[in-house]
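Data first, discussion second: the structure below is written as structure tokens.
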Amino acid sequence: MNADLKVVRAINGVAGKHRTMDLALDAFTRTGHLTFVLYGLWMWFGPGKAWDKSRRRRSAMMALFSVGLASCVSMLIGKIWSRKRPFVRDWKIWNFTGHKANASFPSNHTMNSFVIVMQLYRDKMPGRHIMAVMASLLAFSRMFAGLHYPTDLLGGIGIAGLVNAAVNRSFVARGIAHVTVWISLLLDKMVAIIRKAR
């Protein structure tokens with residue numbers, strides 16, 4: 001048994017011994033990504049001065065574009081190399097989430113949460129430290145659940161770093177900034193119409 005699998009077995013072996021921890025990590029591994037969705041909605045629709053809202057929205061669009069690009073990279077890797085998940089390779093590892101046995105590398109949850117966090121830090125967004133903790137907990141919970149190896153998590157973080165660097169190239173960032181302006185105008189107009197109709 002390689003070291004990667006040994007780490008997962010050791011961490012996953014704690015499952016079932018502490019009910020409160022089991023329930024918390026099970027819930028988080030299933031729904032933790034929703035904290036990033038809620039944070040994104042706040043970034044876009046939250047109150048603030050015009051310049052601050054504009055800055056938050058640009059950061060949100062950069063993060064969203066990064067998630068899309070990173071997901072495409074992950075999909076391509078999955079077509080080339082379909083790594084078996086820990087619970088498939090070792091019957092002693094408990095897949096308590098009931099996750100399907102698709103490709104393990106990279107951890108998409110880890111990759112997407114970290115690519116968002118990297119953008120938040122680059123743009124010095126409020127709440128970035130809390131979201132970094134959330135990303136780390138989400139990554140750990142996926143390994144605790146027997147769904148990923150440590151190298152799946154590291155691979156996800158590595159891809160996130162490459163994607164973040166690519167998206168923040170000046171010509172890409174300028175294009176996303178222009179798209180953000182148009183989407184902001186459209187959504188603000190829609191919100192104003194809805195409020196007027198109420």
Side-chain angles (χ1 to χ4, degrees), residues 28-81 102-142 147-148 151-192 194:
F28 201 74
T29 199
R30 294 172 190 266
T31 63
H33 62 284
L34 295 177
T35 60
F36 291 87
V37 174
L38 293 173
Y39 181 83
L41 290 172
W42 170 80
M43 287 178 75
W44 194 275
F45 295 106
K49 295 181 179 179
W51 64 270
D52 186 48
K53 288 179 75 171
S54 176
R55 190 174 73 96
R56 288 199 324 255
R57 287 181 175 187
R58 178 190 169 280
S59 186
M61 282 298 294
M62 293 286 283
L64 184 62
F65 186 85
S66 297
V67 167
L69 180 58
S71 296
C72 290
V73 172
S74 174
M75 190 181 301
L76 180 61
I77 291 172
K79 296 290 184 185
I80 298 169
W81 179 38
N102 54 358
S104 180
F105 185 91
S107 167
N108 289 330
H109 285 73
T110 302
M111 176 187 69
N112 289 335
S113 60
F114 272 90
V115 82
I116 292 170
V117 166
M118 288 174 187
Q119 191 63 48
L120 299 181
Y121 272 92
R122 186 182 283 264
D123 296 333
K124 296 180 173 58
M125 287 289 109
R128 60 190 180 276
H129 303 312
I130 294 172
M131 298 313 293
V133 171
M134 291 293 183
S136 300
L137 279 173
L138 185 57
F140 176 79
S141 74
R142 304 293 288 179
L147 305 180
H148 289 290
T151 48
D152 293 340
L153 310 184
L154 293 173
I157 294 169
I159 293 169
L162 293 173
V163 168
N164 182 256
V167 167
N168 281 279
R169 301 279 292 186
S170 59
F171 67 96
V172 180
R174 282 197 300 269
I176 294 173
H178 287 306
V179 171
T180 303
V181 171
W182 286 106
I183 293 177
S184 290
L185 290 171
L186 178 63
L187 288 179
D188 286 346
K189 185 70 174 175
M190 289 174 62
V191 169
I194 292 169

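The figures that follow rest on heavy atoms only: side chains count, while hydrogens, waters and symmetry mates do not.
A pairwise comparison of heavy atoms in Ala63 and Gln119 identifies N-CG, 4.0 Å as the closest pair. Taking both residues in full, the closest heavy atoms of Gly32 and Thr35 are given as O-OG1, 2.7 Å, listed atom of the first, atom of the second, then distance. When all heavy atoms are compared, the tightest approach of Ala70 to Asn112 is CB-OD1, 4.1 Å.
Once rounded to the nearest 0.5 Å, the distance linking NE2 of His178 with CD1 of Ile183 reads 13.5 Å. To the nearest 0.5 angstrom, Met190 atom CE is 6.0 Å from Leu187 atom CG. Here the NE2-CZ distance, from His148 to Arg142, works out to 4.5 Å after rounding to the nearest 0.5 Å. A distance of 10.5 Å separates CE of Met61 from OG of Ser66, quoted to the nearest 0.5 Å. Atom NE2 of His33 is separated from atom CD1 of Ile116 by 10.5 Å, given to the nearest 0.5 angstrom. The distance from the CE atom of Met43 to the CG atom of Leu41 is 11.0 Å, given to the nearest 0.5 Å.
The stretch residues 110-137 participates, sequence neighbours left out, in these salt bridge (Lys or Arg N to Asp or Glu O under 4.0 Å) pairs: Arg58-Asp123. Note on residues 39-53: pairs passing salt bridge (Lys or Arg N to Asp or Glu O under 4.0 Å), not counting sequence neighbours, are Asp52-Arg55, Asp52-Arg56.
By the 4.5 Å heavy-atom criterion applied to side chains, Arg174 and Phe171 are counted as neighbours. Ser59 is listed as a side-chain neighbour of Leu120, based on a closest heavy-atom distance under 4.5 Å. Counting heavy atoms from C-beta on, the side chains of Asn164 and Tyr121 never come closer than 4.5 Å. With contacts defined as side-chain heavy-atom distances shorter than 4.5 Å, the pair Ser74/Ile159 does not qualify. Side-chain contact between Met118 and Ile157 is present, with at least one heavy-atom pair separated by less than 4.5 Å. Side-chain contact check for Leu186 versus Ser184: every heavy-atom pair is 4.5 Å or farther apart. Two residues are said to be in side-chain contact when any heavy atoms from C-beta on lie closer than 4.5 Å; Trp182 and Leu185 meet this criterion. In this structure, the side chains of Thr180 and Met62 stay at 4.5 Å or more apart for every pair of heavy atoms.
The backbone N or O of Ala50 sits nowhere less than 3.5 Å from a side-chain atom of Ser54 that would complete a donor-acceptor pair.
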(request) Evaluate side-chain contact (heavy atoms from CB on, under 4.5 Å) for Ile130 paired with Tyr39, printing each intermediate quantity in order. (result) CA-CA 11 Å; Ile130 294 172; Tyr39 181 83; over 6 Å; no

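When the side-chain contact (heavy atoms from CB on, under 4.5 Å) test is applied to Ser113, the partners found at least two apart in sequence or on another chain are Phe36, Ala135, Leu138. Every side chain to side chain donor-acceptor pair (under 3.5 Å) that Thr110 has, sequence neighbours left out, goes to Ser107. Listed by chain and number, the residues in a ring pair (Phe, Tyr, Trp, His ring centres under 6.0 Å) with Phe105 are Trp81 (sequence neighbours excluded). By the ring pair (Phe, Tyr, Trp, His ring centres under 6.0 Å) test, Phe28 is found to be paired with no residue, residues two or more places apart in sequence or in another chain being considered.
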